[in-house]
Amino acid sequence: MTTSQPGDVIVATDSAEAANLAAEILGRAVHEAVQERGVARLALSGGNTPAPAYRVLAGLDLAWDKVRWFWVDERVGALDSDRNNARAALEALGEVTERGVVHRMRGDADDPAAAAADYEALLRAEFGVAGAVAFDALVLGIGDDGHTASLFPGTGAAHIEDRLVASIPAQPDKKLEARITLTAPVLREARLALVMAVGPGKRKPVADARAGGDIDAVPARLLGEQRNRLVWVIDRAAAG
Ligand code: 6PG
């Protein structure tokens with residue numbers, strides 16, 4: 001894998017080990033955040049890859065009452081839709097989230113742009129207006145097209161810098177519903193950005209992302225601008 005991107009790459013034997021390794025790293029981040037600041041703020045991605053890691057994470061002995069749950073992105077639609085990222089994550093995590101605080105993006109809002117602005121206001125209130133919005137950990141994935149969060153290639157979304165949260169129009173030709181997503185300024189500031197990718201379909205996007213180049217073509221390349229810790233947890237199939 002030719003890389004120009006910083007960050008650790010952990011290659012697991014298979015997807016199950018990737019889930020265990022990711023959960024262990026996230027658990028450590030939660031523990032450290034609570035020890036140092038009395039609270040842990042996580043922002044989760046949807047998709048298929050992270051759910052097994054969420055299930056393992058939920059089995060750890062952590063100060064769940066000190067955890068605040070946020071989302072990296074959300075699909076616009078009913079909150080109980082099987083496409084909804086928060087529904088899937090909350091189902092995988094189970095009752096530990098009930099001991100903390102859950103802040104879902106309102107994908108069911110009639111006006112996604114207003115819902116994005118509301119989520120940004122929530123983040124500003126949570127992190128302080130002037131301060132950087134620095135999550136203790138982000139769980140990110142990478143699409144086969146090289147997107148991360150809901151920052152899709154060829155849309156310019158990876159270059160949005162004037163907002164913390166953006167609404168992304170639907171892309172009917174790609175069968176993609178409208179989205180609400182954190183933007184690069186937030187992804188960049190996280191204390192830990194943990195990117196999960198498993199399976200042979202991720203081999204090319206992971207290699208493209210870590211090779212550097214035009215960010216709008218492969219938005220996951222923006223992870224190369226990470227200010228703090230970047231960890232890729234991939235399996236052998238995705239490592240190539
Ligand atoms: C989403 C996710 C998205 C995801 C990638 C990878 O809403 O789809 O947040 O960014 O991480 O699409 O998805 P898989 O893990 O299903 O491959």
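Whatever order the structure lists them in is the order used to number ligands and atoms, beginning at 1.
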Practice task
Walk me through it: do Asp73 and Thr181 pass the test side chain to side chain donor-acceptor pair (under 3.5 Å)?
Solution key: CA-CA 4 Å; Asp73 62 346; Thr181 185; 4.9 Å; no
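If you check which protein heavy atom lies closest to atom 5 (C) of ligand 1, you get His147 NE2, 3.4 Å. The single protein non-hydrogen atom nearest to atom 11 (O) of ligand 1 is Gly141 CA, 3.3 Å, given as residue, atom name and distance. Closest protein heavy atom to atom 13 (O) of ligand 1: Gly47 CA, 3.9 Å. When only non-hydrogen protein atoms are considered, atom 8 (O) of ligand 1 lies nearest to Arg75 NH2, 2.8 Å.
With a 4.0 Å cut-off on non-hydrogen atoms, Ala149 touches ligand 1 through its backbone and not its side chain. Residue contacts with ligand 1, taken as heavy atom pairs separated by less than 4.0 Å, involve Asp73 solely via side-chain atoms from C-beta onward. Here Lys202 has side-chain heavy atoms under 4.0 Å from ligand 1, and that is the only part of it that gets that close.
Judged by distance alone, the side chain of Ser167 and the main-chain N or O of Ile180 form no donor-acceptor pair under 3.5 Å.
In this comparison of Ile142, Leu151, Thr49, the heavy atom closest to atom 6 (C) of ligand 1 sits on Ile142. Between atom 16 (O) of ligand 1 and the options Asn48, Leu182, Ile180, the minimum heavy-atom separation is to Asn48.
No N or O atom of Gly143 sits closer than 3.5 Å to an N or O atom of ligand 1.
Residue Arg188 qualifies as enclosed at atom CZ: its count of foreign heavy atoms under 6.0 Å is above 12.
Under 3.5 Å, the side chains of Arg75 and Asn84 contain no donor-acceptor pair of N or O atoms.
Atom numbering of ligand 1 starts at 1 in the shown order; those under 4.0 Å from a heavy atom of Ser45 are 9 (O). Ligand-side atoms of ligand 1 in range of Asn85: 1 (C), 7 (O), 9 (O), range being under 4.0 angstrom from any heavy atom.
Distances shorter than 4.0 angstrom do not occur between any heavy atom of Glu74 and any atom of ligand 1.
With sequence neighbours excluded, the residues satisfying side-chain contact (heavy atoms from CB on, under 4.5 Å) with Asp111 are Ala113, Ala114. In this structure, the side-chain contact (heavy atoms from CB on, under 4.5 Å) partners of Ala63, at least two apart in sequence or on a different chain, are Val34, Asp65, Lys66.
Atom CG of Leu138 and atom CG of Leu182 lie 7.0 Å apart (nearest 0.5 Å).
Residues Ala53 and Met196 approach most closely at CB-SD, 3.8 Å, considering heavy atoms.
A perpendicular orientation is assigned to the rings of Tyr119 and Phe70, their planes being inclined by more than 60° (bins at 30° and 60°).
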